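Heads up, the thing below is written out as structure tokens.
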Amino acid sequence: MLGTKEICEIIGVKPSTVRKYAGALEAAGYVVHKGDSGHREYTEEDATVFRHLKALCDQPGMTVELAANVVVSRRERAHESVSTMVVSADNQVAERYEERYNELFAVMQQLGEQNQQQAAELDRLHKRMDEQNANISVVLREVLETRRLVAATSARKWWKFWDKEIHDEPDPKAVWNKKQNPENYLK
């Protein structure tokens with residue numbers, strides 16, 4: 001709550017002028033709240049009313065009483081128009097809200113269906129990618145095995161295909177001799 005001093009600072013007048021404005025507004029039918037001690041206490045809305053009243057009083061030929069009547073009547077008309085608008089348009093507003101709600105609900109259902117379709121498509125793509133990864137792994141293993149065989153083949157000279165040292169297999173004669181000698185057999 002604001003006191004007389006605060007209202008003076010807000011609208012830029014003396015305390016006696018604020019008291020004069022408040023008396024004129026009360027005479028015009030405006031209700032100013034009074035505290036327990038009987039002093040006037042103002043709200044921000046009251047400060048706005050005082051600003052309008054001062055602006056009208058600054059006009060040439062405008063008296064404080066006439067300006068107070070104009071401000072109070074404007075305020076009453078504004079409150080009446082808002083309240084009648086709310087009461088008369090209540091059904092129309094409710095119908096518009098109902099229509100808008102139904103539209104938004106339909107859009108929400110469409111988005112849910114699209115979301116489900118996209119999830120199914122994503123699952124299908126994941127399965128396809130897994131299949132492709134498996135196929136790529138098989139092809140990669142085959143390529144590596146082919147490279148290994150090509151490297152082993154290129155290391156051997158074609159005219160020394162009978163040479164056992166180049167092959168990975170041990171010499172059969174050396175294996176036989178090893179088996180015949182029991183001392184070498186245990187090594």
Side-chain angles (χ1 to χ4, degrees), residues 1-3 6-7 9-12 25 29-36 40-56 70-172 174-175:
M1 296 299 254
L2 303 171
E6 288 87 5
I7 295 294
E9 293 171 3
I10 290 172
I11 63 173
L25 286 170
Y30 187 81
V31 178
V32 177
H33 181 271
K34 293 187 180 182
D36 295 335
R40 293 183 180 110
E41 294 178 347
Y42 305 103
T43 62
E44 291 294 327
E45 185 180 347
D46 294 334
T48 304
V49 169
F50 276 103
R51 279 190 210 110
H52 291 295
L53 182 64
K54 182 179 183 296
L56 287 175
V70 169
V71 168
V72 170
S73 65
R74 280 184 188 171
R75 187 171 178 274
E76 287 174 356
R77 272 189 274 138
H79 284 296
E80 286 175 9
S81 65
V82 167
S83 63
T84 56
M85 186 186 327
V86 169
V87 171
S88 66
D90 196 26
N91 290 337
Q92 294 173 352
V93 170
E95 290 173 7
R96 281 189 283 154
Y97 281 132
E98 184 69 26
E99 290 172 12
R100 186 68 179 145
Y101 173 79
N102 291 336
E103 290 172 8
L104 292 174
F105 188 73
V107 167
M108 209 167 63
Q109 285 180 332
Q110 288 175 348
L111 290 174
E113 291 171 4
Q114 288 176 354
N115 192 17
Q116 289 176 350
Q117 290 172 353
Q118 288 176 349
E121 181 69 15
L122 188 63
D123 287 341
R124 187 185 68 75
L125 289 174
H126 279 287
K127 287 178 184 176
R128 185 167 180 205
M129 286 174 54
D130 289 341
E131 290 172 2
Q132 288 177 348
N133 285 342
N135 291 340
I136 288 172
S137 296
V138 168
V139 169
L140 185 61
R141 272 188 241 115
E142 290 173 358
V143 167
L144 290 175
E145 179 65 23
T146 304
R147 279 188 177 175
R148 190 184 62 78
L149 291 174
V150 167
T153 306
S154 64
R156 281 187 258 163
K157 304 293 181 195
W158 66 271
W159 62 87
K160 292 189 177 181
F161 64 89
W162 63 87
D163 193 3
K164 297 296 180 185
E165 292 179 8
I166 294 176
H167 296 293
D168 293 333
E169 302 170 8
D171 183 21
V175 172

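Because the structure is a prediction, the values reported are computed rather than measured.
Considering only heavy atoms from C-beta on, L104 comes within 4.5 Å of R100 through its side chain.
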(request) Decide side-chain contact (heavy atoms from CB on, under 4.5 Å) for I10 and F50; before the verdict, give the C-alpha distance in whole Å, the side-chain angles of both, and the deciding distance to 0.1 Å. (result) CA-CA 9 Å; I10 290 172; F50 276 103; over 6 Å; no

(message) One pair to check against side-chain contact (heavy atoms from CB on, under 4.5 Å): L111 and N115. What are the steps and the verdict?
(response) CA-CA 6 Å; L111 290 174; N115 192 17; over 6 Å; no

(request) Test E76 against V72 for side-chain contact (heavy atoms from CB on, under 4.5 Å), laying out the working first. (result) CA-CA 6 Å; E76 287 174 356; V72 170; 3.6 Å; yes

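Partners of T43 by side chain to side chain donor-acceptor pair (under 3.5 Å), not counting sequence neighbours, listed by chain and number: D46. Residues meeting the side chain to side chain donor-acceptor pair (under 3.5 Å) test with E145, sequence neighbours left out: R148.
Minimum interatomic distance between A47 and I11 (heavy atoms only, all atoms of both residues): O-CG2, 4.3 Å. Nearest heavy atoms, R75 versus V49: CD-CG2, 4.0 Å.
Taking CE from M1 and CD from E6, the interatomic distance works out to 11.5 Å, rounded to the nearest 0.5 Å. Distance CG/L25 to NE2/H52: 11.5 Å, rounded to 0.5 Å. Going from atom NE2 of H33 over to atom OH of Y42 covers 12.5 Å, rounded to the nearest 0.5 Å. Taking CE of M108 as the start and CD of E103 as the end, the distance is 13.5 Å to the nearest 0.5 Å. Taken to the nearest 0.5 Å, the CD atom of Q114 stands 11.0 Å off from the CD atom of Q116. Summarising the geometry, atom CG belonging to L53 is positioned 12.5 Å from atom CZ belonging to R51; distances are rounded to the nearest 0.5 Å.
Sorted by first then second residue, the side-chain hydrogen bond (donor to acceptor under 3.5 Å, both in side chains) pairs that include residues 117-128, not counting sequence neighbours, are E121-R124.
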